[in-house]
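Naming: A, B, ... by sequence-line order, numbering from 1 per chain. Being a predicted model, the structure only gives us computed values, none of them experimental.
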Amino acid sequence: MELSFIPIDYDYFDFQGENYIKIIGRTKDGKRVCLIDNCDVYFYAILKENLSESKINQIIEKIKRIQLKEGARLSKVIKVELKDKNFLGEKVNALKIYISNHKDAKKISESLPHKYFKHIRELDVNYITRYIIEKKLFPLIWHKISGEVLNNSEEFGGIDSVLEVDFCIKIEKIEKSKEQPEFKPKVMAFDIETESFEIGQGEISMISLYDEKIKKVLTHKKINSKEKYIEYYDDEADMLEAFVKIVKKESPDILTGYFSDGFDLPYIKARAEKNRVKLSLGLDGSQLKFSGGMSPRGKIFGIVHVDLFKFIQTAYSQYLESETLGLNDVANELIGEKKSDYEFKPNEKMSEIDWKKFIEYNLQDSIITQKLFLKVWPDMIEFSKIIQEPLFHVSRDGMSSNVDNFIIHNLEKYNEIIEKKPIHDEIGKRRSEGKYEGAFVLEPKPGLYENVVMFDFTSMYASVIITYNLSKSTFLEKKEKNNIEVNLGNVKAYFTKKKGFFPEILEEIINLRKKYKKEYQQSPSPILKARSNAFKLIANAAYGYQGFFGARYYQREAAASTAALARENILEAIKKIKSYGYEIIYSDTDSIAFSQGKKSKKEILKMLDEINNNLPGIMELELEDFYKRGIWVTTRSGEVGAKKKYALINEKNKMKIRGFETVRRDWCNVARELQNKVLEKILSEGNEKSALEYTKKIIIQIEKREIEKEKLIIKTQLKKPLSEYKANTPHVTIAKKMLSLGIPVDPGILIKYYIAESDKKKSLARDRAKLPEEKTPYDIEYYLKKQVIPAVENIFHVFGIKLEDIIKGSKQQTLF
DNA sequence: GACTGAACTATACC
DNA sequence: ACGGGTATAGTTCAGTC
């Protein structure tokens with residue numbers, strides 16, 4: 001049989017002591033198919049130099065005889081081949097040791113004659129990754145498959161008869177299809193509401209499910225509503241059974257939730273256990289499984305469970321402006337949908353109407369989750385195709401894993417043996433190496449500037465890595481002839497000029513990014529945008545990756561050299577721009593702001609060209625934008641210019657605000673909004689007059705207690721468990737109060753509070769911190785002196801105005 | 001008891 | 001444990017006078 005097939009979910013099983021892969025996917029006409037196949041399982045033992053041919057043959061013969069008994073399984077070496085390979089760019093002789101079961105790789109490696117080997121590698125390449133590398137059956141890409149249909153076959157223990165698929169096929173031939181039509185998966189979203197926020201404590205009140213066909217809320221609460229989407233069940237157990245039944249019947253390709261690895265699925269599992277309900281959601285009847293220890297990942301065979309939160313965290317968060325990564329904020333920003341505002345109440349206090357609203361809210365969450373999924377789907381599918389790892393992994397992995405995997409899947413053409421992941425001791429060693437010097441930041445001279453030009457280096461760190469060939473495999477332990485030398489303060493680092501695979505792969509990523517960006521600009525589509533963006537994200541992560549202790553190709557010197565050469569390049573560019581007679585205002589890492597002065601835009605672009613003609617390698621400086629005005633302020637303490645804090649307005653009146661309190665969520669809105677207004681007025685009008693008037697107005701409103709509570713709320717994130725805090729800050733104090741009221745305070749939540757009035761003049765802020773719903777009037781002095789005035793006084797200082805004098809001069813002098 | 005600086009904490013920039 | 005370093009600024013708290 002021959003068919004067009006797109007792989008969606010990968011899993012493996014053992015049959016007669018050997019490994020097999022089972023892949024669930026779809027055919028072009030929407031049939032669901034399971035493919036069964038296997039591939040060679042092997043690892044490499046890299047030989048020491050100077051071993052004679054006869055000695056090597058002797059070693060091979062010895063290894064061939066290795067056999068291990070693992071429980072009922074007899075594991076053995078199948079064959080051994082001597083190979084010419086590369087390891088970290090060096091030619092090596094390696095034994096490719098084929099074994100019968102990948103689970104025994106480590107055990108078998110332990111019984112090798114280690115004294116003949118420099119390294120043992122590829123023990124930590126998992127079977128699914130190995131299969132994809134070997135057989136080139138890539139995730140979410142269409143393939144032409146030929147094979148034998150298994151129909152009530154005895155083969156593989158009768159696997160085809162338990163699988164709920166249209167066909168089960170044993171693969172004979174795999175070919176990538178020429179045509180790659182868009183694949184639209186069947187996606188079901190779900191969400192639960194519970195009596196408790198702690199996993200498994202208290203019942204699940206309801207479960208909502210949503211896809212193109214299904215729109216349901218399952219509940220065992222007895223309320224009097226005839227809404228069509230509500231399905232009533234006798235108890236929690238019945239409801240859970242119905243959940244399993246509906247998911248199985250609909251059988252989506254993807255089941256998605258928001259934070260569902262961390263909450264919904266673990267909760268469902270805990271309650272199912274309590275109620276003795278089997279969560280046999282897998283296409284082979286297998287149960288929902290969890291893996292991953294500390295941060296569990298819920299897996300269902302054949303239906304890919306995607307926790308949208310995780311993907312958004314790694315692939316989107318750097319572009320989001322949302323204050324939290326909660327479903328509400330993210331959906332609002334990405335798809336413009338707001339959740340219905342429902343206020344949580346303890347169950348026993350809920351009225352009939354509350355329950356109806358709660359059910360509606362629960363359904364709404366699933367609907368939003370599904371829409372959000374469809375919005376980010378182009379990014380997810382492109383990530384999976386580019387990194388060549390299954391959706392299940394790519395949707396959850398962090399960027400370091402993604403970079404790791406991208407490299408692993410691209411090493412074949414370099415004939416490279418894959419480096420191992422670090423384990424405990426190695427991680428500890430790497431972490432103890434300490435920090436290295438990072439980016440250069442120029443101290444600005446505070447002031448309001450007219451006509452500001454901003455240049456920046458395109459993908460600066462990636463360009464530096466490529467231009468100077470910085471990586472683990474190109475790093476030299478000591479100086480060699482004709483190498484690249486980098487000054488790292490008291491020491492020097494050396495890199496060979498012979499192109500390494502890491503910079504070369506990175507260059508390919510950059511080129512592909514350029515290619516797809518161009519294609520996107522010519523004919524925009526979400527897929528092309530996602531593809532271009534995925535390459536950009538991987539390129540941007542490459543620098544952090546080489547300095548990250550968990551990376552396979554970690555090389556601290558390469559990371560330190562990248563930062564050092566970036567500094568060198570930006571300083572050189574600053575010098576160059578200065579030499580053309582421009583006044584430099586500011587610079588941070590890869591960007592330079594300077595005054596246009598009397599020069600024309602044409603002259604500036606000509607200078608840019610000239611600078612670019614002299615830059616090394618692929619380094620490239622580009623125009624970020626021309627700005628009408630920009631403002632830089634001093635630090636709070638005094639005279640020096642504040643770094644990482646400025647505001648600009650371009651010729652289309654679009655503002656770019658960096659670092660100011662306006663963009664910080666741990667300041668109250670009254671201060672943020674005032675500061676934003678002040679910056680806007682000053683930048684668009686070119687003076688401080690109306691901004692000052694506006695500021696006075698707000699100050700008076702605060703003094704008259706005319707500000708609504710909502711605008712005074714300060715939000716601070718709890719970054720770790722309460723018990724680990726050494727300092728009793730206001731937000732920790734409030735978190736403790738919340739805990740005593742029975743509200744869960746897990747790390748990561750945003751603590752909201754305001755500062756209230758108190759008779760004691762000298763009390764600490766934490767003693768006056770109150771929950772938003774408390775009634776004590778707000779502390780006028782605190783909001784003036786600690787929020788509003790600090791937010792704007794540095795800005796007025798630029799114009800020589802001391803805000804305090806102004807206020808003193810007005811009638812409200814009593815406060816000061 | 002007022003003052004000062006270090007420690008701790010959160011959040012931004014790139 | 002699941003990218004890096006640079007930077008500002010708040011609150012608390014221990015030590016000094």
Side-chain angles (χ1 to χ4, degrees), chain A residues 292-295 297 310 313-314 317-318 321 323 393 396-405 421-424 426-428 430-431 434-444 456-457 459-461 537-552 554 556 558-560 562-564 566-567 570 586-591 624 633-637 640-646 656-667 714-720 724-733 750-751 755 762 764-769 782 785-787 790-791 794:
Chain A
M294 280 284 283
S295 50
R297 318 163 128 201
K310 288 228 177 98
Q313 195 176 37
T314 54
S317 59
Q318 68 175 120
E321 290 177 357
E323 283 187 2
H393 293 99
R396 297 175 159 69
D397 285 350
M399 281 312 290
S400 75
S401 289
N402 286 335
V403 175
D404 254 353
N405 287 326
K421 268 193 258 185
I423 46 168
H424 300 89
E426 182 63 24
I427 290 177
R430 291 179 181 185
R431 296 191 80 175
K435 293 191 168 190
Y436 55 85
E437 189 180 345
F440 167 75
V441 187
L442 181 80
E443 185 190 304
D456 60 19
F457 279 96
S459 304
M460 189 184 219
Y461 282 163
L537 281 172
I538 298 167
N540 285 346
Y543 159 68
Y545 171 87
Q546 295 203 98
F548 169 56
F549 55 78
R552 281 181 196 260
Y554 169 85
R556 189 177 175 277
T562 308
R567 288 194 302 271
I570 196 107
Y586 181 62
S587 167
D588 183 349
T589 312
D590 61 353
S591 68
E624 201 257 345
V633 299
T634 63
T635 60
R636 183 81 71 231
S637 57
V640 300
K643 299 172 177 180
K644 300 190 185 286
K645 220 176 194 188
Y646 60 89
K656 179 175 174 177
I657 302 181
R658 293 291 119 101
F660 275 109
E661 285 75 4
T662 298
V663 300
R664 295 182 62 98
R665 71 170 177 205
D666 57 345
W667 281 69
I714 297 163
K715 300 171 205 157
T716 312
Q717 192 182 27
L718 203 65
K719 307 276 278 186
K720 53 192 177 189
E724 287 176 23
Y725 278 91
K726 289 179 191 160
N728 286 312
T729 57
H731 82 293
V732 168
T733 312
L750 263 195
I751 306 291
I755 303 298
K762 289 263 157 60
L764 296 168
R766 66 154 179 258
D767 296 325
R768 286 173 291 152
Y782 178 86
K785 282 194 169 175
K786 299 285 187 173
Q787 293 277 328
N794 293 348

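- Contacts of A:A765 with the nucleic acid, taken as non-hydrogen atoms under 4.0 Å apart, involve only primed sugar atoms and P, OP1 or OP2.
- Counting non-hydrogen atoms of other residues, nucleotides and ligands closer than 6.0 Å to NZ of A:K421 gives a total of 12 or fewer.
- With A:S591 contributing its side chain and A:S587 its backbone, the two residues share no donor-acceptor pair below 3.5 Å.
- Under the side-chain contact (heavy atoms from CB on, under 4.5 Å) criterion, A:P422 pairs with A:E426, A:I427, A:R430, not counting sequence neighbours.
- For A:E321, the CD atom sits in a loose shell: 12 or fewer heavy atoms of surrounding residues, nucleotides or ligands are nearer than 6.0 Å.
- Counting 5' to 3', DNA chain C first comes under 4.0 angstrom of a heavy atom of chain A and last does so at the ends given by C:dA1 to C:dC13.
- For A:R556 (side chain) and A:K435 (main-chain N/O), a donor-acceptor pair under 3.5 Å exists by modelled atom type.
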Classify every nucleotide of nucleotides 7-14 of chain B by which part a protein heavy atom approaches to under 4.0 Å, writing B for the base, S for the sugar-phosphate alone and - for neither, in 5'-to-3' order.
-SSBBSBS
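- A:Y646 is linked by a ring pair (Phe, Tyr, Trp, His ring centres under 6.0 Å) to A:Y586, A:W632, counting only residues two or more places apart in sequence or in another chain.
- Listed by chain and residue number, A:E323, A:R672, A:Q717, A:L750 satisfy the side-chain contact (heavy atoms from CB on, under 4.5 Å) test with A:R665 (two or more places apart in sequence, or in another chain).
- Listed by chain and residue number, A:A439, A:Y461 satisfy the side-chain contact (heavy atoms from CB on, under 4.5 Å) test with A:T589 (two or more places apart in sequence, or in another chain).
- A:G547 comes within contact range of the sugar-phosphate backbone alone, with a heavy-atom separation under 4.0 Å but no base atom that close.
- Contact annotation for A:E437: backbone-only contact, meaning every heavy-atom pair under 4.0 Å involves sugar-phosphate atoms and none involves a base.
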